[in-house]
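A quick write-up on the structure given underneath.
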Amino acid sequence: MDVEMRNKINYFMQIIKHQKFYLIISGIAVAASFLALLIWGLNRGIDFTGGSSEEFRFEQARPSNSEIFEVLKDLNPGNLSVNTAGEKGIILKFKDTDESKHQEVIKKLKDKYAGIGEVNFESIGPIIGKELARKSISALILVIAAIVLYIAWSFRKVSEPVASWKYGVAAIIALIHDISIVAGVFAVLGKFYGVEIGVPFIAALLTVLGYSVNDTIVVFDRTRENLARVSGKYEDIVNRSINEIFVRSINTSVTTFLALTAVFIFGGETTKYFMLALMIGVFVGTYSSIFVASPIVVIWEKLANKK
Amino acid sequence: MNIIKKISKFIWNFFSFAFTGIFKIIGKILAFFLKPVFAPKNARSKARTGVVFTLVLAILALFYTAPEIFNKTADKLNSKKSNLANSEKLIFKSRGFDQWLLNWRFPYFYTKSFILGLDLRGGTHLTYLADLSNVNSQDYPSAMDGVKDVIERRVNIYGVSEPLVQTSKVGGEYRVIVDLADVKDTEQAIQMIGETPLLEFKEEKSQEEIDKEKLSAQGGSASGGEIGNQKSDAQLDDSEKKDVAEVNATDESGNPINVNVESSVDLFKNTGLSGEQLERADVIFDPNTYTPQVSLEFDDEGRNLFAEITRRNIGKRVAIYLDGILISAPVVNNAILDGKAVIQGQFTANEAKQLAQRLNEGALPVPVKLIGQQNIGATLGDASLNKSLKAGLAGFLVVIAFMLFYYRLPGLLADFALIVYILISMAIFKLIPITLTMPGIAGFILSIGMAVNANVLIFERIKEELQDGRMSLETCIEEGFSLAWPSIRDGNISTLISCAILYTFASSSIKGFALTLIVGILASIFSSIIITKLFIRYSLLSKWTEWTGKHKWMWKCGIK
């Protein structure tokens, strides 16, 4: 088969042609996420707010949440909340981080209920909590900055017809798109399912950042290569690049996604939502590399040329 | 400035030249001797060497990661060998063959276990904040060292296996982090650690006091030695023996005596003088003999107290207790009125320095406040570990199935490379060693999924080159590898950047995630490119796989 025929066969995906359609979908998703974040906010766990979290398991019947609340009310540990965990467990959350308070709670519950065991206890003082929040934000900013620099450097030789830094910005827009959607999903989960975010969530975000850029670079790499080899309209070249790497992009994400799904299903409770964040991130990241990042550079080039 | 630059540049160049030169020479010598033996003569044996090397590497990694496999086989072989040696049918028995057989055994492979994080083992993670407000800033590091030592000592008394005590500085704060594995009663552990170091000075009890106590304690006659006599050794009663510390002390002529003293309070009683009144302890050297000594200086209250105590106890010993353990019991020569004292004894400079440091620890009350705590029950830890392993297995099988189904023969080869990759990664985790936590194992599984990414990129590229139709299979494959490399490199670097930043800011369990991901990505680059290439080359060249390898249709696979 020669090159011409291949071109004709492969271009059944007219992505750039329909780019407005895809961008609108993305736009809606991002807007919805922002809305969710504004209205409900992220359900911050004790990693960021400070406080104590304790999990107990009952050997026999598990009393109701309100009953436990009554029992512990007098101790007044501040912002007490009682939730169920699994079939026989409860999770207590309260603001106090004193060890003595912790022991009081244990004693009171042990006195009242036979066959109760503490499974898990975590207490983060407010100092550490604030610090983690601060560090998380700076880490996110740092990673984004590092990625912009890296892309700008790696695309430094590709300046026609779109300047190399513009690729970097397009990648960043795709990244922000990815992160917002993941955060938006977790805002919804937080509101309706009580899912909390902690340091693992931030770790997932950072990993998604790194991975999504991975994918975006694959697309841009091919674009860069084709710009050198083939002549034609910019948007045609970009479209062709997308077609050529489409299978590759999907496959790489599929393997990662499958691995993550395995951990999500079989792994323990603690990493469940961590994995979920990664899975959503990988999926959206792949989508954004193809359907968001490239259209942005094309549109940008068009706008720049119109001037 | 310029000349300095020139000189340093010259030195740098000289050293790097010499360095590489030495390596070149060594390489040439090695090549000269090894070439006749090892060098492959043509492409096929080169490929074969590559595959053999990979297999050896994989097997070594397997045994290092799971030495039980090797050791079980060694056990079986050993028992077979003993059976053989003892059996009737053994030949050469007259020549002592059986003796020779019995004399050696198959060795075990080097055994080392993985280091598991607290969330997999179960245990407690405590974070303390040190209150250094009463400390001079130049004393901060030694104060923190002191706190760390004291806490470590306490934790060891508690009998926890493999405790980990570290100091860390975050922002302007100094912290102590304590990791205790398998602790049943964290409340008690926390209580013990929370107490600040305590320094006490005690004086001897009178003989009547001791006799009285001993009589009431054991109902027998007192068999104590002549306490109060300068040169006697204290007798130890077995029932009262607790931690015995050997103590250096001097008599009035400055000769050292070895005194075995019980560290319990049976011989000494409290004086009220403690670390609270101690200003400083220092190491000094005797002007005449140049032996190391420890000098003490008390504050006003301490000076008065100490004058009283020494006046009362001339000729007797005053014991210095740290955390309830006797560390020194010098004999008092004169009443000391200036609040200064010197502990003489057979100290080495190091011992004196340690004693001074410990005294300063007692003198610097550095309160520590518990600011963070995580308890993981051991059963939860075990369950988490099992689940992680199951998840890993599932992820691995899924990825293998996908590669096989979609890419067929090259997919199979990529799967073999993946197995080698997993073995090598696990060996690296054991080697460094990296503490494995739940997120860490999740990161490893993620990297398994990403490891085949590079292979996918390469295979897709090869498919394209094949579809061009212009080149032979071998050339397409080589082209595919080289053309795919920039994408692989760029893409993985970005993930590595993320992980590096994540590593610096995260807590220890997430640090494990970042580390395993970094190691995984680096190892996967190696495995997916180099090892897969070796396998592919071999499959093209070897006599056995020619009939599968050479057909182009094997490579134009995939659903499109």
Side-chain angles (χ1 to χ4, degrees), chain A residues 1-3 6 97 99 103 117-125 127-128 131-132 135-136 138-139 142-143 146-147 150 154 199-200 203 206-207 209-211 213-215 217-218 221-222 244-245 247-248 251-252 254-263 265-268 270-271 274-275 278, chain B residues 119 127 129 170-171 187 190 370-377 380 383-384 387-388 390-392 394-395 398-399 402-403 406 438-439 442 445-446 448-450 452-453 456-457 460 464 467-469 486-487 490-499 501-502 505-507 510 513-514 517 558 560:
Chain A
M1 275 194 275
D2 69 336
V3 182
R6 175 164 61 118
T97 52
E99 176 58 17
Q103 291 307 320
E118 190 192 51
V119 171
N120 198 340
F121 173 71
E122 210 174 314
S123 103
I124 312 271
I127 314 173
I128 297 190
E131 179 185 300
L132 281 178
K135 272 196 196 167
S136 307
S138 44
L142 211 70
V143 168
I147 288 177
Y150 177 66
S154 85
V199 173
L206 289 174
T207 315
L209 277 179
Y211 186 82
V213 156
N214 192 333
D215 226 22
I217 289 185
V218 166
D221 237 16
R222 178 50 77 97
E244 287 171 357
I245 53 95
V247 172
R248 173 199 311 193
N251 276 359
T252 56
V254 162
T255 55
T256 315
F257 195 79
L258 285 175
L260 289 172
T261 316
V263 183
I265 297 179
F266 295 104
T270 30
T271 51
F274 178 47
M275 288 292 121
L278 282 174
Chain B
D119 56 354
T127 312
L129 178 64
V170 178
E187 175 190 357
I190 294 174
L370 186 63
I371 56 173
Q373 178 190 59
Q374 275 148 314
N375 300 354
I376 313 277
L380 182 66
S384 303
K387 284 198 183 142
S388 307
K390 238 200 286 186
V398 161
V399 170
F402 175 78
M403 288 300 279
Y406 196 83
M438 275 269 282
I445 300 173
L446 177 63
I448 292 180
M450 293 172 64
V452 285
N453 278 7
V456 167
L457 288 175
E460 288 293 327
E464 275 181 37
Q467 276 166 346
D468 272 347
S487 305
D490 289 341
N492 279 324
I493 285 186
S494 65
T495 319
L496 285 175
I497 293 178
S498 275
C499 283
I501 295 180
L502 183 58
F505 105 98
S507 59
I510 302 291
F513 172 76
L517 204 52
K560 188 138 192 202

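Labels below follow one simple rule: chain letters A, B, ... track the order of the sequence lines, proteins then strands, and each chain is numbered from 1.
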Can you say whether [X] sits under 4.5 Å from chain B via the side chain, the backbone, both, or neither, judging by heavy atoms?
X	result
Leu260(A)	side chain
Thr261(A)	neither
Tyr150(A)	side chain

Next on the checklist: I'd like to verify something: which residue of Ala391(B), Ala394(B), Pro439(B), Cys499(B) has the highest number of heavy-atom pairs under 4.5 Å with chain A?
Outcome noted: Ala391(B)
Checklist outcome for this item: Most contact-rich option vs chain A, by heavy-atom pairs under 4.5 angstrom, among Thr127(B), Ile448(B), Val456(B), is Val456(B)
Write down the atom of [X], the atom of [Y], and the distance for their closest heavy-atom approach.
X	Y	value
Ser494(B)	Gly210(A)	OG-O, 3.1 Å
Leu206(A)	Val143(A)	CD2-CG2, 3.5 Å
Ala146(A)	Ile501(B)	CB-CD1, 4.3 Å

Item to check | Min side-chain heavy-atom separation Phe513(B)-Leu502(B) under 4.5 Å | outcome: yes
Item to check | Student check: side-chain heavy atoms of Leu258(A) and Val254(A) closer than 4.5 Å | outcome: yes
Next on the checklist: Run the side chain to side chain donor-acceptor pair (under 3.5 Å) test against Asn251(A) and tell me which residues pass, sequence neighbours left out.
Outcome noted: Tyr407(B)
Checklist entry - Which atoms of Ile445(B) come close to chain A, meaning under 4.5 Å heavy atom to heavy atom: side chain ones, backbone ones, both, or neither? => result both
Next on the checklist: Is Leu496(B) close to chain A through its backbone or its side chain, or both, or neither, when contacts mean heavy atoms under 4.5 Å?
Outcome noted: neither
Checklist entry - Using a cut-off of under 4.5 Å for heavy-atom pairs, which of Asp215(A), Thr207(A), Leu209(A) has the most such pairs with chain B? => result Thr207(A)
